[in-house]
Amino acid sequence: MFGQSQTSLLLFGLCLKLSSHFFEDLLDSIIVDVASECHRIARLGLDHNLDEEEEELRLSAEARARVADPSYSGETNGKYVVDIFGQTHPSVANEIFECMNCGRSVMAGKFAPHLEKCMGKGRKARLKMTRSSTAAQSRHSRGSPVPAYSPYSNSTSTNRLANGSVGAGEPYSNGTSEEP
Amino acid sequence: MSRSPIFFFLLAASLAWFSMKHSVNRPPTPDAGEDQEKEPTFREIINIKLIESGEKERLMELLRERLIECGWKDEMKAHCRTLIKKKGRNNVTLDELVHFITPKGRASIPDSIKAELLQRIRSFLVSAAQ
């Protein structure tokens, strides 16, 4: 019948065939796994990269439609305006912090007018400051016209003061001094 | 006489053959409706051994890991996407997807990975056959 070598050749051939079969078996299982994963992602719509250009076009068309819609109010709706990202914010910024000049707590949206008052653009502020700083000077210089110079101002407010100094300086140039 | 042993031998042989062919000692037949059970093939025996020893699971994990490392899985996913884009994501069935990617999947296996796995399977076969 079969010799020893022929038997072992036969077995070897069988072994190769079997191992290929088992390998294919494993591979097919893995292929099915990959396919089912992709199938699931596709059906659930979880793949955002699936068609990026198409999505972009759709979103921009939507946004344009939203803007062009007449029932969609823009500036006049006060607090509830919605911007292109869908966010709303109040018309006056409401974050609160401390003024570095006078130490008061102010609202961000009201900070500029506050600074104007507290640093000396307005009439009252300037009076308040020049009263304390230049009153001393006027005593030294004996009634000579004192420039309404505020020690606290920076370059921009100095300009403003220069423009408006006539009004503020009047009481002093007339010689009347207001007691602090 | 020199002939008689031969004659008896032939008689005995033919009797034996006859009884094998139409044996009176046949094993009890199974019920009439039932198919006669096949012997499990060698392949099935090995399969059972693979599963029971846990080797099949280990081989599967090894193959999965290798295929991810070499980018084969990503290639397959991209290939899936081409079919999904073509047919529309809600019109693809799992069956279609499997049949679509199987030929490419089988063909694009790197040789080194195939060799590694085949080597492991063969060594298992050798150890299992003993």
Side-chain angles (χ1 to χ4, degrees), chain A residues 1-67 84-86, chain B residues 41-43 46-47 50 55-68 72-81 83-85 87-106 109 113-126 128-129:
Chain A
M1 290 284 198
F2 287 109
Q4 185 78 321
S5 54
Q6 280 163 313
T7 317
S8 45
L9 264 177
L10 192 70
L11 282 174
F12 185 64
L14 267 173
C15 180
L16 287 180
K17 202 171 107 170
L18 263 183
S19 53
S20 285
H21 160 78
F22 284 121
F23 178 74
E24 293 265 298
D25 207 27
L26 289 173
L27 189 55
D28 285 343
S29 295
I30 291 181
I31 286 177
V32 170
D33 284 348
V34 173
S36 84
E37 198 182 313
C38 286
H39 179 260
R40 173 184 172 266
I41 287 176
R43 291 295 223 139
L44 294 180
L46 297 177
D47 187 0
H48 296 292
N49 295 337
L50 188 60
D51 209 334
E52 290 195 277
E53 230 181 70
E54 196 185 271
E55 188 71 16
E56 292 271 359
L57 286 172
R58 196 176 60 80
L59 285 173
S60 59
E62 252 179 58
R64 244 178 273 135
R66 232 182 286 140
V67 168
I84 59 168
F85 299 111
Chain B
T41 63
F42 190 52
R43 185 181 285 189
I46 297 284
N47 196 28
L50 260 178
E55 185 67 11
K56 192 165 199 187
E57 189 70 38
R58 282 190 288 268
L59 288 168
M60 193 103 107
E61 286 314 305
L62 176 64
L63 184 56
R64 246 194 270 266
E65 195 186 310
R66 292 279 179 266
L67 290 177
I68 290 174
W72 176 92
K73 187 175 178 184
D74 297 323
E75 277 175 33
M76 288 301 112
K77 286 176 94 164
H79 200 48
C80 286
R81 266 193 227 118
L83 186 69
I84 292 170
K85 270 193 198 180
K87 291 209 140 195
R89 69 174 179 88
N90 283 319
N91 302 334
V92 191
T93 66
L94 183 57
D95 219 39
E96 282 173 355
L97 217 42
V98 168
H99 285 107
F100 183 68
I101 65 171
T102 294
K104 184 169 182 199
R106 285 189 180 158
I109 292 277
I113 295 179
K114 187 166 182 178
E116 185 184 350
L117 266 293
L118 283 175
Q119 182 55 42
R120 273 189 70 151
I121 294 170
R122 274 179 221 144
S123 48
F124 179 81
L125 282 177
V126 166

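Protein chains get the first letters and strands the later ones, always in sequence-line order, with residue 1 at the start of each. Keep in mind that what you see is a predicted model, and the values were worked out from it rather than measured.
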Check whether more than 12 heavy atoms from other residues, nucleotides or ligands sit under 6.0 Å from atom [atom1] of [X], and answer yes or no.
X: Glu24(A); atom1: CD; value: yes
X: Arg58(B); atom1: CZ; value: yes
X: His21(A); atom1: NE2; value: yes

Looking at Arg120(B), Arg81(B), His79(B), Met76(B), which one has more heavy-atom pairs under 4.5 Å with chain A than the rest?
Arg81(B)
For chain A, which candidate among Glu96(B), Gln119(B), Lys114(B) shows the most heavy-atom pairs at distances under 4.5 Å?
Lys114(B)
Nearest-0.5 Å distance, [atom1] of residue [X] to [atom2] of residue [Y]:
X: Cys15(A); Y: Ile46(B); atom1: SG; atom2: CD1; result: 9.0 Å
X: Lys104(B); Y: Ile31(A); atom1: NZ; atom2: CD1; result: 11.5 Å
X: Leu16(A); Y: Arg122(B); atom1: CG; atom2: CZ; result: 5.0 Å

Testing Lys73(B), Arg64(B), Lys77(B) for salt bridge (charged side-chain N to carboxylate O under 4.0 Å, His left out) with Asp33(A), which one passes?
Arg64(B)
Would you name the heavy atoms of Asn90(B) and Arg43(A) that are closest together and state the gap between them?
O-NH1, 3.1 Å
Looking at every non-hydrogen atom in both residues, tell me the closest pair between Val34(A) and Trp72(B) and how far apart they are.
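Shortest heavy-atom separation between Val34(A) and Trp72(B) comes out as CG2-CZ3, 4.3 Å.
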Measure [X] against the heavy atoms of chain A and call it side chain, backbone, both or neither at under 4.5 Å.
X: Leu63(B); answer: both
X: Leu83(B); answer: neither
X: Arg106(B); answer: both

Between [X] and [Y], is any pair of side-chain heavy atoms under 4.5 Å apart?
X: His39(A); Y: Ile84(B); answer: no
X: Phe42(B); Y: Leu14(A); answer: no
X: Ile41(A); Y: Arg89(B); answer: no

Between Ser19(A), Gly45(A), Ser29(A), Ser20(A), which shows the greatest number of heavy-atom pairs under 4.5 Å with chain B?
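Highest number of heavy-atom pairs under 4.5 Å: Ser19(A).
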Decide yes or no on side chain to side chain contact (heavy atoms under 4.5 Å, CB included) for Asn47(B) and Phe22(A), but give the supporting numbers first.
CA-CA 8 Å; Asn47(B) 196 28; Phe22(A) 284 121; 3.6 Å; yes
Checking side-chain contact (heavy atoms from CB on, under 4.5 Å) against Ser36(A), which of Leu97(B), Val98(B), Leu94(B) comes through?
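Filter result, single survivor: Leu94(B).
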